[in-house]
Amino acid sequence: MGLLEIGGLLLFLMLLMLSGGVWIAMTLAIVGWVGQAFFTNTLPGKNLFSSFWETSASWELAALPMFIWMGEILYRTKLSEQMFDGLSPWLSKVPGRLMHTTILGCGIFGSVSGSSAATCATIAKVALPELEKRGYDRNIALGSLAAAGGLGILIPPSITMVVYAVAADASVIRLFLAGFLPGFLLMGLFSGYIIWWSLRNPDKVPPAEAPTTFLEKMRRSGSLIPCSLLIVFIVWVLVAGIATATECAAYGVLGSLAIAAAGRSLTWENFWQGLVGATRVSCMIMFILAGAAFLTKTMAFTGIPRELAEFVHSMNLSPFGLIGVLVVVYLILGTALDGISMIVLTSAVVLPMIQKAGFDLVWFGIFIIMLVEIAEITPPVGFNLFVLQNMTGIDSNRIARVTLPFFACMIVGIGLITVFPSIVTIVPDMLMGVAK
């Protein structure tokens, strides 16, 4: 049996188990076990335990439960409600109104967390209950959260960028700088779609609030100050090099607790509920990541990603033809692999092809990270889909369907940076000079 046939068989098994209601993490682990037991000469039991340990024993991953706990505190102490009250008068005349807070929140939080799972889970915990309570359409809220959660790996700092920089021997700083404009571009495309949808479906958007004076808007915006200062502080200590992303997460928890205590909305009951909720969500995400890591190891042992990359190499395509085929290949890989694994397993074959075709490696880094973002919302292994499914109880396939318009926005974004590569390169070139 050929490698591509093996990949198709494993994908079918995964879809069958997910449709049968098997836990997501268990499905990933079982498919990985079957792949190693029947199609490789390795010992699946040993690799299973090593994959789970390597995934869980990560200092960078320690930021995940802390950021999720921060979101729980904001949600349970009514700080999130105060934030939405402060924003609502300013967004009352924008089509879609408070729906844009999911995009803005993911963009801001993504610059702090560097993780799509943490960004998606935290903003969902804060925004979803508020939007539903105010009568906003749940499908658009879920779709925007799943897609915008991926901004956590595009807007620096990003672990995925660091992994690519090492694999491509590229400048990490140039990659970080190159991620800003594409990140803002995607935020604009997502918000643009929400505006268009709101104009087409005015009956699904709550009526605008009564007009308020400028002084009234400023007064209500006072509730934004504590949380805004917290976000500014977290970003500042990160950018200034005072703290790592993991330490920033701890600062975020301490800051949110202090703000809640100062506002007299923190009680022992909601403190404990927030801690338990954060533990549950964090364990769920880490279990999924561990199962995916084991499946990724299976894919590496079978050699399927390398086989795909070598197949593309054998086609001798034109530069833009190569980019078009790579989009398809990475979309296929995204159905079964996490982003970092997609980069690591294909870089040895793909990067020489990219250099030979004359593409800038920094540009290609942002290109591939945007494809990784798409993988986060591509079933059956879309991490953001799994996160939202476990938080809301809604089937991941349904969430994937409502994410399709935002999926299309991402494709448009990839098309724009391909046609206009200066969107990626202009910021690093201006601040660091043109790369030689």
Side-chain angles (χ1 to χ4, degrees), residues 110-111 114 116 150-186 296 300 305-334 337-376 410-436:
S111 68
S116 63
L151 294 171
I153 61 173
L154 181 60
I155 299 178
S158 165
I159 301 298
T160 308
M161 285 185 180
V162 175
V163 171
Y164 173 82
V166 172
D169 194 23
S171 167
V172 176
I173 298 176
R174 293 188 76 91
L175 268 171
F176 279 4
L177 293 172
F180 282 108
L181 281 185
F184 296 147
L185 171 65
L186 285 186
T296 294
R306 186 178 182 85
E307 177 85 1
L308 271 175
E310 289 179 347
F311 172 72
V312 173
H313 180 64
S314 67
M315 297 173 70
N316 296 318
L317 299 165
S318 65
F320 285 101
L322 173 63
I323 290 298
V325 172
L326 285 178
V327 169
V328 176
V329 168
Y330 279 110
L331 289 180
I332 293 172
L333 290 177
L337 292 176
D338 65 277
I340 290 177
S341 302
M342 287 164 59
I343 294 171
V344 172
L345 296 176
T346 60
S347 59
V349 177
V350 170
L351 291 177
M353 291 192 296
I354 289 297
Q355 286 182 295
K356 185 177 179 181
F359 291 104
D360 180 77
L361 286 181
V362 171
W363 174 86
F364 184 71
I366 300 303
F367 170 85
I368 199 173
I369 286 168
M370 291 177 73
L371 286 173
V372 168
E373 279 193 90
I374 292 179
E376 302 284 0
M410 290 181 173
I411 296 295
V412 171
I414 289 175
L416 288 174
I417 69 165
T418 302
V419 177
F420 306 104
S422 59
I423 295 173
V424 174
T425 58
I426 188 170
V427 174
D429 286 349
M430 286 177 60
L431 298 180
M432 299 182 64
V434 179
K436 297 180 181 179

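Only a predicted model underlies this, so the values are computations on that prediction, with no experimental measurement involved.
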Parallel, tilted or perpendicular: rings of Phe180 and Phe184 (30°, 60°): tilted

Atom pair CD1/CG of Ile374 and Leu331 - distance to nearest 0.5 Å: 5.5 Å

Whether Tyr164 and Phe364 hold their rings parallel, tilted or perpendicular, with breakpoints at 30° and 60°: tilted

Sequence-distant partners of Val412, side chain to side chain contact (heavy atoms under 4.5 Å, CB included), two or more places apart: Leu189, Leu416

Summary of side-chain hydrogen bond (donor to acceptor under 3.5 Å, both in side chains) pairs that have at least one residue in residues 319-333, sequence neighbours excluded: Tyr330-Thr346

Separation between CG of Leu326 and CG of Leu371, rounded to the nearest 0.5 Å: 8.5 Å

Student check: side-chain heavy atoms of Leu151 and Glu373 closer than 4.5 Å: yes

Side chain proximity check, Val424 to Asp360, heavy atoms < 4.5 angstrom: no

From CD1 (Ile323) to CZ (Phe359), nearest 0.5 Å: 4.0 Å

Val362 and Thr425: CA distance, side-chain angles, deciding distance, side chain to side chain contact (heavy atoms under 4.5 Å, CB included) verdict: CA-CA 8 Å; Val362 171; Thr425 58; 5.6 Å; no

Full working for side chain to side chain contact (heavy atoms under 4.5 Å, CB included) between Val372 and Leu154: CA-CA 9 Å; Val372 168; Leu154 181 60; over 6 Å; no

Over all atoms of both residues, closest heavy-atom pair of Met370 and Met410: CE-O, 4.5 Å

Worked verdict on Ile417 versus Leu185 for side chain to side chain contact (heavy atoms under 4.5 Å, CB included): CA-CA 9 Å; Ile417 69 165; Leu185 171 65; 4.2 Å; yes

Steps toward side chain to side chain contact (heavy atoms under 4.5 Å, CB included) verdict (Leu175, Ile366): CA-CA 7 Å; Leu175 268 171; Ile366 300 303; 4.2 Å; yes

Thr418 side, atom OG1; Ile423 side, atom CD1 - distance, nearest 0.5 Å: 9.0 Å

